[in-house]
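Let me begin by presenting the structure, written as structure tokens, before commenting on it.
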There are 2 protein chains.
Amino acid sequence: MRAGEIVSVKVTFKEISEICGVSLGTVDRAINNRPGIHPETRARILEVAKQLGYRPHLLARSLATGSTMTIGVVVPNLTNSFFSELAEVIQKGARRAGYYVYLMLSEYDSVEEMESLERLRSLNVDGIIMTSVNRGRSFDAYLTSLATPVVSVSNRISKRRAWVGIDDYSATRDAMRFVLSKGYERIIFVTENRGPGKVSNLYCDERRIRGYKDALQASALDAPPTVVSDDAMLAMLDSGGALDGKRTCIACSCDEVALNILNALRTRGIAVPAEVGLTGFDNLDQLEYVVPRLTTVAYPMERIGEEAFKSVLDEINGRAGGSRTLEHLIVEGETV
Amino acid sequence: MRAGEIVSVKVTFKEISEICGVSLGTVDRAINNRPGIHPETRARILEVAKQLGYRPHLLARSLATGSTMTIGVVVPNLTNSFFSELAEVIQKGARRAGYYVYLMLSEYDSVEEMESLERLRSLNVDGIIMTSVNRGRSFDAYLTSLATPVVSVSNRISKRRAWVGIDDYSATRDAMRFVLSKGYERIIFVTENRGPGKVSNLYCDERRIRGYKDALQASALDAPPTVVSDDAMLAMLDSGGALDGKRTCIACSCDEVALNILNALRTRGIAVPAEVGLTGFDNLDQLEYVVPRLTTVAYPMERIGEEAFKSVLDEINGRAGGSRTLEHLIVEGETV
DNA sequence: TTGTACGCGTTATCAA
DNA sequence: TTGATAACGCGTACAA
């Protein structure tokens, strides 16, 4: 074995201390750059540690210190790029601050989400950022019982819990007003059907639906608000119920749904926006590649990630995390 | 405090043992369902544990057992949905087997990738799956020094290391043959320029380039193989150098690049495939929303994730992980 | 069936 | 400047 060669044997403070003829405490002082050690001793120990390929045992360290420098991130999936963008942004921010990320997926399943939280808690993560599919007082109490800072993104869990997102209500209302200003006589609101056993009554869905309804009711339109699932919307298109003469716009609760509807419309030979209007929500990166450009609601994803991380970090350090509502913007595409 | 109420105080074997008037060993037998304990004792202990809201301390457990039931996943980013799809698939597979995922991003930076690996090693993950941006014998030796199973996906690291992917060479050659069969007289191959400081000579890029070159050289075409970066390709489009009369196809090393080129062509009013052909590689889910349908190379992402996980799992359990080459398929879209 | 004692690798406190 | 020792929470081998 040559000097400097990387070795695969597990080397701990113990081996180093024996070789150097010092105590564990001194090895610790050298490795972790603590004061109260002779420079020469430190140099000698560090040299040996390097030769042996010493690697700190983070589990042992965390057990001793109580801190893991890790935050948990729980999102429904990575398929919807809203979540993968969010996860990536949080990852980068965390890393800059010396933190790392444990990623868990809930699949829009409330039980899986709870299991994820249990595990993160058992792993002693320092904090958790989640787009929660659970919510309400009892869930909030449960989170509190974790004795770990938890901040939510997008889906508000309760009034008292730190939350970062946009004003979904106003954003949707603004979008609907924009649609109405274009002379549409009817707007159908489409939400995502996530399948059996999956959570459907998400906070941000509700806020968006309310924004839609209020915008409609405040308008001169006589057509009542209509909220349907994406499945139902497709069925309506097939039955011809969607286009009954009135100038109609299909407003989707998120881009993901809007893209699917756009495909369905294309398949059926229905022109957008000539025959029917379409709007989304999120302004996903992938919209860049979709023609026609979707009219949607944009907001700064990077800042959401940053603020969410800042918020957990505050709570980790004993300060109040606090909620932040970020600004939104209507992206005037070509589908309305 | 009511019975059954969730409590936030940290509760360990010690508290439970004191309350129940038994030893730590007995608490362990009850909690971890070990034999050699009186059913009544067990029931009593479990009841108390439940009341107190006991949660296992996974760090302590891992320190004692040496196993974390966690695998590390290192990918460049989550923006390219190839990676987010992969991460999600691995996540699900791991979870089904009782494993969890620690996610790290390398940003196509070889140093960041090494740091990620160091951390995963220090966290004592049981295994690692990565789309490596480093490679070669010395890197392979470094991985071996981690004393942790590492299998690579897509980018092969060395001949001896377990790897899961497709035959990039044949896949690209097949795609090029398909393009040639459509009467194209020239094919330009475009790779991704990941920016300064980022890795560019990836294994799969190289394999695809070779497949491209060999297909061209085996053809009747007199035009020499031309490999350029996406930046350079855009410049060529502006200078008009790309379309000089010959029937040309732009073959991209991945869908991500192809989509960007497609946008560029659209912006410049160049019709696809009428004026120029275009192919991608990966068959990303998001292609579903892009018109015209991109001609590309498809492969089963779920199976790649499954096989990769199966391979690490094998190595974790002391068996040889082994490499697997999965099948690919040319997706005949509308861009050639 | 139950209890004891040691080890996992590190940090932290107190003496020396 | 250094060393010894007790945590941290749990697993495990052995003894009772």
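Below, chains carry the letters A, B, ... as their sequence lines are ordered, and counting in each starts from 1.
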Which salt bridge (charged side-chain N to carboxylate O under 4.0 Å, His left out) pairs, counting each pair once, include a residue from residues 75-103 of chain A, with sequence neighbours left out?
A/Glu88-A/Lys92, A/Lys92-B/Glu107, A/Arg95-B/Glu115
With sequence neighbours left out, which residue pairs that include part of residues 145-155 of chain A fulfil the salt bridge (charged side-chain N to carboxylate O under 4.0 Å, His left out) condition?
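Qualifying pairs, neighbours excluded: none.
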Students often get this wrong, so: under 4.0 angstrom with heavy atoms, is B/Ser62 touching a base, only sugar-phosphate, or nothing?
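Here B/Ser62 touches no strand at all.
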Contacts of type side-chain contact (heavy atoms from CB on, under 4.5 Å), residue [X], not counting sequence neighbours:
| X | answer |
| --- | --- |
| A/Ser158 | A/Asp140, A/Arg160, A/Arg161 |
| B/Arg29 | B/Thr26, B/Arg34, B/Ile37 |
| B/Ser311 | B/Val151, B/Ala162, B/Arg324 |

Estimate the overall bend of the helix from C/dT1-D/dA16 to C/dA16-D/dT1 from the end axes over five pairs each, rounded to 10 degrees.
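So the angle between the two local helix axes works out to 50°.
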Taking the side chain as every heavy atom from C-beta outward, state whether B/Arg44 and B/Val22 have any pair of such atoms under 4.5 Å apart.
yes
Under the ring pair (Phe, Tyr, Trp, His ring centres under 6.0 Å) rule, what pairs show up with a residue in [range], not counting sequence neighbours?
| range | result |
| --- | --- |
| residues 48-75 of chain B | B/Phe13-B/Tyr54 |
| residues 16-51 of chain B | none |
| residues 88-130 of chain A | A/Tyr99-A/Phe309, A/Tyr102-B/Tyr102 |
| residues 110-129 of chain A | none |

Looking at A/Ser23, I'd like to know whether one of its side-chain N or O atoms comes within less than 4.0 Å of OP1 or OP2 on D/dT2.
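No, because none of the side-chain N or O atoms of A/Ser23 sits under 4.0 Å from OP1 or OP2 of D/dT2.
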Reading DNA chain C from 5' to 3', where do the contacts with chain B start and stop? Cut-off is 4.0 Å to heavy atoms.
C/dT1 to C/dG9
Polar atoms only, N or O, under 3.5 Å: list the protein pairs with nucleotides 10-12 of chain D and their distances.
from	atom 1	to	atom 2	distance (Å)
D/dC10	OP1	B/Tyr54	OH	2.4
D/dC10	OP1	B/His57	N	3.3
D/dC10	OP2	B/Phe13	N	2.9
D/dG11	OP1	B/Asn32	ND2	3.4
D/dG11	OP1	B/Arg61	NE	2.8
D/dG11	OP2	B/Asp28	OD1	2.8
D/dG11	OP2	B/Asn32	ND2	2.7

